[in-house]
Amino acid sequence: MEHAIKQFLLHHSLTLFGTDVSSGMVQVQRTKKEVSGDLTLLLFPFVKALKASPQELGEKIRVALISEFKGIQQIEVLGGFLNIHLSSEYWVNALEDIQKNPNFGSEKPESKPLLMVEFASPNTNKPLHLGHLRNIFLGYSVAEILKANGHKVIKTQIINDRGIHICKSMLAWERFSPLNDQGERETPQNTGLKGDKLVGKYYVEFDRNFNAEAKSIIGRWEEGNFESFSDPVVAEFKRLTEAKEGKDEKALAGIEDKIKDLAKNQTTLLRDVKEMLVKWEARDPQVYLLWTTMNNWVYQGFDVTYKSIGVDFEKSYYESDTFLLGKDIVVEGLQKGVFYKKEDGSVWIDLTDSGLDEKLVLRSDGTAVYMTQDIGTAVDRYKDYPEMNGIIYTVGNEQDYHFKVLFLILEKLGYSWAANCSHLSYGMVDLPSGKMKSREGTVVDADDLIAEVVEKATEMTRERGHLEGMTDPAKEHLFNTIGLGGLKYYLLKVDPKKRMLFNPEESIELNGNTGPFIQYTHARICSLLSKANYSAGTIQECPLNDEEKEVIKLLTEYPSVIAEAGQTLSPAVLANYMYELVKSYNHFYQTVPILIETDENLKRMRLAMSASVAKVILSSMKLLGVEVPERM
RNA sequence: GGUCCCGUAGCUCAGCUGGAUAGAGCAACGCCCUUCUAAGGCGAAGGUCAAAGGUUCGAAUCCUUUCGGGAUCACCA
């Protein structure tokens, strides 16, 4: 209707106003709640351009619209606003359309170009944590939303399975794992630990030993023992030590960090781990076997977590597969003059003409860096899916700069599709105690968190749920649905771009703007419908009260909400819409009788409305990756 | 220091392509289960939209400056 009115005014602008009006001038929006009416046309833009009074203009438009649209019941001009009242008939027809359409809100599947959505993207040296969960839920939901917008979508993850950080866990495991009776080092099998947790443990172990070694080196230096250290290092240490004289606390800390870095660079652990990386890139069989084994432990661990949260991928990319391609492209780019080589053999790109810095793309020892792999991965993906119309990278906003540079490099390399790549940048998750820091042990482990929310849901549902006659597996499933649903909704309802606070208590809350609140409304409607033996059918015209009209109005907005969520890549748009819908339905539910209504037409309409609300809840929660129970 | 993001009720967040009196939830207070699931509803309370200028008929929304918070500027990923 909004669109029709807008088109009508544009087409008849000459006869109405005596001049053409631009499409931007015709602003039709929902009427504010406090004012009576359904749609509002803003008269201000015309007043200004045509130099006529709002009353005069409003009257002209009023007459024209009323005679044109039979769905319009009444129009009043209030100040600079023209408020349009639509008839009950119009709303009842709208409801009937919604009721009849099984895919209400969504575009035709696969009617739009292929998009790739990358999310999760874990490192294989650390277990998943709360930050990953925001990433995963967000990426998954955005993929679903894009599908609902008609796109074909490939969900993918990039597995960060190479690089020096992986070698750290490997080295630490080889060196520090205790041997059992059979002379075996620790494995998931002989410890019962989840694979990702075991590998993560050795990553931490590396760091501990690494720091300890650096500390002992500094200790030796401070005692004046410089045996086996090169002259430049010793000179640098002395220079830094002297620089400490008379500095304030902050500057002092900076210098000590530099000394620490200097010492870290002299550790045998770092030397060995670098050696391991070079061996790995040279496909050394022993190193490769160790790498494959430990990575498989991690994947098995991740799979358990993914399965528990109902997330899957169509395709996974491994950096170990793409970094070589990246290196090749760098060599090519070097020949083309996109990159340049420094004296030490390292390869760089100069982005200063774009207002950025110089960026390293290949180390002096010839090994790949993060950027090298990402170049290779992007190109590899377009090789796999030449028809693809874009890649959406779901990655935290601390990497805004990285992606800016990546897309620019791809463009400079001459890939026209670089313009279609975009970074879905999301904010960090803070804890009430502050930032999550793995080094300080303040990360929230994903598996622990999931277990916790499910446990809480179990407790609450046993207390107040309607579980009579449910089988035990069905109950388990319900507890999972509620716990996970609450967690997903909690993380998704906030604008992705914004940094958010994770409050453990609020995340398992059941009242207010929460997943369970919405799930509950759905369950209640299902109960209502089954009691009424409801089945869809035609609805007779009947008068509508304010509560009913409000709910139907919101229902009609669902398709545009999906479109907006797709455009802005924001599940939060959907979540907030759904909350509004559910709130207004609950208000209706509490004020208006349904089953005991004696007027059959009214009862039918109210049931159809309830069924439509349930349908939209189910559909939009699915787009958030949240299941919705029929009873709870 | 350069670049980017953020600042709305005690707390967590909506609202931001400029439009009518800035909205929710939580917390705290008062009501409503012999009508359908009270994980619900209703009411009252809570605001210098960080501050100051500017643009406009009209600014939480756009521009500038200041203040406050954060990210980033690695031969880490």
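Labels below follow one simple rule: chain letters A, B, ... track the order of the sequence lines, proteins then strands, and each chain is numbered from 1. Keep in mind that what you see is a predicted model, and the values were worked out from it rather than measured.
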Selection from [options] that lies nearest to any side-chain heavy atom of [X]:
{"X": "A:Y401", "options": "B:G19, B:C73, B:G40", "answer": "B:C73"}
{"X": "A:K498", "options": "B:G7, B:G19, B:U37", "answer": "B:G7"}
{"X": "A:R631", "options": "B:U37, B:C13, B:G41", "answer": "B:U37"}
{"X": "A:R363", "options": "B:G41, B:A77, B:A14", "answer": "B:A77"}
{"X": "A:R524", "options": "B:C13, B:A38, B:C73", "answer": "B:A38"}
{"X": "A:I594", "options": "B:A39, B:A77, B:C36", "answer": "B:C36"}
{"X": "A:P45", "options": "B:U37, B:A14, B:G19", "answer": "B:G19"}
{"X": "A:V494", "options": "B:C73, B:C13, B:A39", "answer": "B:C13"}
{"X": "A:V35", "options": "B:U35, B:A20, B:C36", "answer": "B:A20"}
{"X": "A:E398", "options": "B:U72, B:U35, B:A39", "answer": "B:U72"}

Inset, instruction - Look at the side-chain N and O atoms of A:H587 and state whether any lies under 4.0 Å from the OP1 or OP2 oxygen of B:C42. - result: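 Looking at the OP1 and OP2 atoms of B:C42, one of them is under 4.0 Å from a side-chain N or O of A:H587.
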
Inset, instruction - Respond yes when some side-chain nitrogen or oxygen of A:K603 is under 4.0 Å from OP1 or OP2 of B:C36, and no when none is. - result: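 For A:K603, the contact criterion (side-chain N or O under 4.0 Å from OP1 or OP2 of B:C36) is not met.
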
Using the [atom1] atoms only, state how far [M] lies from [N], rounded to an integer number of Å.
{"N": "B:C42", "M": "B:C5", "atom1": "C1'", "result": "40 Å"}
{"N": "B:G25", "M": "B:U72", "atom1": "P", "result": "36 Å"}
{"N": "B:U34", "M": "B:A28", "atom1": "C1'", "result": "32 Å"}
{"N": "B:G23", "M": "B:A60", "atom1": "P", "result": "12 Å"}
{"N": "B:G7", "M": "B:A38", "atom1": "P", "result": "38 Å"}
{"N": "B:A24", "M": "B:G15", "atom1": "C1'", "result": "10 Å"}
{"N": "B:A44", "M": "B:A27", "atom1": "C1'", "result": "15 Å"}

Mind checking if [X] touches a base, just sugar-phosphate, or nothing, with heavy atoms under 4.0 Å?
{"X": "A:F81", "answer": "base"}
{"X": "A:T40", "answer": "base"}
{"X": "A:E630", "answer": "base"}
{"X": "A:D357", "answer": "sugar-phosphate"}
{"X": "A:V592", "answer": "base"}
{"X": "A:L501", "answer": "sugar-phosphate"}
{"X": "A:R606", "answer": "nothing"}
{"X": "A:D495", "answer": "sugar-phosphate"}
{"X": "A:I164", "answer": "sugar-phosphate"}
{"X": "A:H165", "answer": "sugar-phosphate"}

Any side-chain donor paired with an acceptor under 3.5 Å for [X] and [Y]?
{"X": "A:N586", "Y": "A:R524", "value": "yes"}
{"X": "A:S169", "Y": "A:N125", "value": "no"}
{"X": "A:Y370", "Y": "A:N160", "value": "no"}
{"X": "A:Q157", "Y": "A:S316", "value": "yes"}
{"X": "A:E358", "Y": "A:Y340", "value": "yes"}
{"X": "A:S425", "Y": "A:D400", "value": "yes"}

Inset, instruction - Report the glycosidic orientation of B:C57: syn if within 90° of 0, anti in every other case. - result: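 Anti.
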
Using Watson-Crick or G-U wobble geometry with both distances under 3.5 Å, which nucleotide pairs with [N]?
{"N": "B:U72", "result": "B:G2"}
{"N": "B:G46", "result": "none"}
{"N": "B:A60", "result": "none"}
{"N": "B:G10", "result": "B:C26"}
{"N": "B:C33", "result": "none"}
{"N": "B:A38", "result": "none"}
{"N": "B:U17", "result": "none"}

Inset, instruction - Using a 4.0 Å heavy-atom cut-off, write out nucleotides 21-27 of chain B from 5' to 3' as B (base contacted by protein), S (sugar-phosphate only) or - (no contact). - result: ---SSS-

When the distance from [atom1] of [X] to [atom2] of [N] is rounded to whole Å, what number comes out?
{"X": "A:L424", "N": "B:C5", "atom1": "CG", "atom2": "P", "value": "16 Å"}
{"X": "A:L277", "N": "B:A77", "atom1": "CG", "atom2": "C1'", "value": "12 Å"}
{"X": "A:M500", "N": "B:C5", "atom1": "CE", "atom2": "P", "value": "21 Å"}
{"X": "A:Q590", "N": "B:C36", "atom1": "CD", "atom2": "P", "value": "11 Å"}

Inset, instruction - Please examine the side chains of A:M470 and A:H477, heavy atoms only from C-beta on, and report whether any two atoms are closer than 4.5 Å. - result: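 No - every pair of side-chain heavy atoms lies 4.5 Å or more apart.
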
Legend entry - Min side-chain heavy-atom separation A:I482-A:Y520 under 4.5 Å: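 No, side chains not in contact.
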
Inset, instruction - Mark yes or no for whether A:N135, through its side chain, and A:T394, through its backbone, hold a donor-acceptor pair below 3.5 Å. - result: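 Yes, the answer is positive, given that a donor and an acceptor are paired below the 3.5 Å cut-off.
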
Inset, instruction - Would you kindly check whether a donor in the side chain of A:N83 faces an acceptor in the base of B:A20, or vice versa, at under 3.5 angstrom? - result: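 Side chain to base: pair present.
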
Inset, instruction - Using only heavy-atom distances, decide whether a donor-acceptor pair under 3.5 angstrom links the side-chain of A:T521 to the base of B:A39. - result: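 Not at all, since no donor on one side and acceptor on the other fall under 3.5 Å apart.
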
Inset, instruction - Among A:Y393, A:Y401, A:F403, find the residue that satisfies the ring-ring contact (aromatic ring centres under 6.0 Å, His included) test when tested with A:H423. - result: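 The single option meeting the ring-ring contact (aromatic ring centres under 6.0 Å, His included) with A:H423 is A:F403.
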
Legend entry - Presence of salt bridge, A:R208 and A:E205, under 4.0 angstrom: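 Salt bridge between A:E205 and A:R208, a charged N being under 4.0 Å from a carboxylate O: yes.
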
Legend entry - Whichever of A:Y589 and A:E564 has its nearest RNA chain B nucleotide further upstream toward 5':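 Per heavy-atom nearest nucleotide, the more 5' residue is A:E564.
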
Inset, instruction - Take A:Y318 and A:Y299 through the test ring pair (Phe, Tyr, Trp, His ring centres under 6.0 Å) and record every step on the way to the result. - result: CA-CA 12 Å; A:Y318 298 85; A:Y299 301 151; 5.7 Å; yes

Legend entry - Centroid under 5.5 Å and tilt under 30°, A:F44 to B:G19: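 Stacked: ring centres under 5.5 Å, planes under 30°.
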
